[in-house]
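As structure tokens, the structure follows; a few thoughts come after it.
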Amino acid sequence: MSLKLNTKYLKDFVNEDEIAGIKAQVEAAAQSLHSKNGLGNDFLGWVELPTAYDKEEFARIKAAAERIKANSDILIVIGIGGSYLGARAAIELLKSPLYNNIKKDTPDIYYVGNSINPAYLNEIISLCDGKDFSVNVISKSGTTTEPALAFRIFKKMVEDKYGKEEAKNRIFATTDKARGTLKNLSDAEGYETFVIPDDVGGRFSVLTAVGLLPIAVAGCDIDALMKGAAKAQADFEADFDNNDCYKYAALRNILYRKGKSVEMLVSYDPSFVMMSEWYKQLFGESEGKDNKGIFPSAAVFSTDLHSMGQYIQDGARILFETVVDIKKPKTDLFLEPDAENLDGLNFLTNQNMSVVNRKAFEGTVLAHTEGGVPNIILELDDTTEENVGYMIYFFEKACAISGYVLGVNPFNQPGVESYKSNMFALLGKPGYEGAKAALEAKLG
Ligand code: PA5
């Protein structure tokens with residue numbers, strides 16, 4: 001089980017002195033994180049979570065997942081941002097981006113409450129028609145508009161189909177342990193609840209019930225996921241010279257200071273798309289503040305080489321790439337030669353398709369680095385639960401260290417509030433009356 005940093009393709013972009021120069025800053029950041037005296041230190045529950053999680057709740061999560069698997073064709077997961085991305089990312093990477101379409105003995109999973117688009121919601125509602133379904137509503141604050149709105153609709157659907165009493169067996173709420181509208185509502189209705197710990201922010205919560213319940217319903221081994229994260233927790237306490245997580249945080253900051261303000265997380269596997277969305281939230285919401293921060297973006301190759309490839313090779317030199325190099329695909333496909341060879345593709349045959357994908361990677365990394373794009377490589381053996389848990393923790397810790405080196409509070413998100421207060425004022429939410437007229441005047 002491991003994720004290894006390969007710096008072979010950075011030689012022309014980062015030198016040893018630069019790494020030695022930033023080392024002390026990374027060590028200071030790690031010291032702040034571990035002694036809990038840095039910015040946002042009331043949100044550090046994720047640091048020891050892989051070894052210090054609530055075992056009783058963990059058993060309840062597994063039991064609830066078994067009940068959902070037994071009585072439901074569909075699980076509706078309601079949540080947004082950190083209350084949604086991690087679960088979907090892990091399920092698609094561990095199982096498949098086509099999870100709902102593959103042959104399986106676990107429920108289909110649909111995600112709602114992550115937008116306010118009515119057509120999307122209507123489609124999911126109609127997919128539930130004639131099916132048995134359960135709902136996992138996830139919101140730490142319990143007041144976020146998008147999931148709250150979706151939950152109002154699905155709560156009624158469950159009650160209309162099964163009645164209030166059976167709804168108690170089919171609605172599961174993951175929220176604050178004591179406060180908030182969702183907690184109060186769940187207690188009043190008698191729903192089983194799971195806790196998002198006070199000291200774990202949304203984007204660091206995938207290894208709490210937020211991610212674990214949907215991931216377990218999808219048939220993934222959450223014990224192995226936590227085991228991988230626990231190994232990462234131990235491994236990434238090492239000193240800088242033996243710590244790939246700290247080195248990755250260092251390299252990101254070195255490149256940023258040299259004008260590489262966009263990181264593109266690259267994979268060669270479509271099942272990584274949602275993991276990249278999770279990474280974008282983790283780093284974007286953690287680092288993008290005080291008018292600074294690396295802009296996190298993502299691509300899947302070779303797919304996006306046919307859309308973004310030109311820009312990466314030849315556009316503004318603001319990019320660096322971080323490639324998650326998954327060594328072993330879930331399955332392989334042997335390419336048979338064809339006697340007639342009318343399509344001229346016999347040069348690709350008599351080998352596994354993963355070999356062709358690897359050559360695409362090798363060819364691309366050479367082309368992009370020659371084009372002036374630094375490439376950080378993160379080598380992941382495969383996408384088993386243990387390795388995915390290990391990688392999740394790697395990125396969480398790298399993000400925290402990187403944010404401290406950047407000089408921001410990686411654990412708050414003050415900028416997220418601006419759109420919300422405008423939207424509430426425009427919708428006439430009680431308490432926002434003052435701003436409504438001024439905003440409407442601006443809109444004309
Ligand atoms: O990372 C975060 O804190 C956010 O993305 C939240 O997870 C998101 O806004 C959802 O919040 P809540 O869980 O309170 O509904």
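Order of listing sets the numbers, starting from 1, for every ligand and every atom in it.
When all heavy atoms of Asn357 and Tyr268 are compared, the closest pair comes out as ND2-O, 3.1 Å. When all heavy atoms are compared, the tightest approach of Val195 to Glu57 is N-OE2, 2.8 Å.
Applying the side-chain hydrogen bond (donor to acceptor under 3.5 Å, both in side chains) test to Glu165 and every residue at least two apart in sequence or in another chain returns Lys168. When the side-chain hydrogen bond (donor to acceptor under 3.5 Å, both in side chains) test is applied to Lys442, no partner is found at least two apart in sequence or on another chain. With sequence neighbours left out, the side-chain hydrogen bond (donor to acceptor under 3.5 Å, both in side chains) criterion links Asp73 to no other residue.
Within 4.0 Å of ligand 1, protein heavy atoms belong to Ile80, Gly81, Gly82, Ser83, Ser139, Lys140, Ser141, Thr144, Gly202, Arg203, Gln281, Glu285, Gln413, listed by chain and number.
Proximity of the aromatic rings of Phe394 and Tyr390 is defined here by a centroid distance below 6.0 angstrom, and this criterion is not met.
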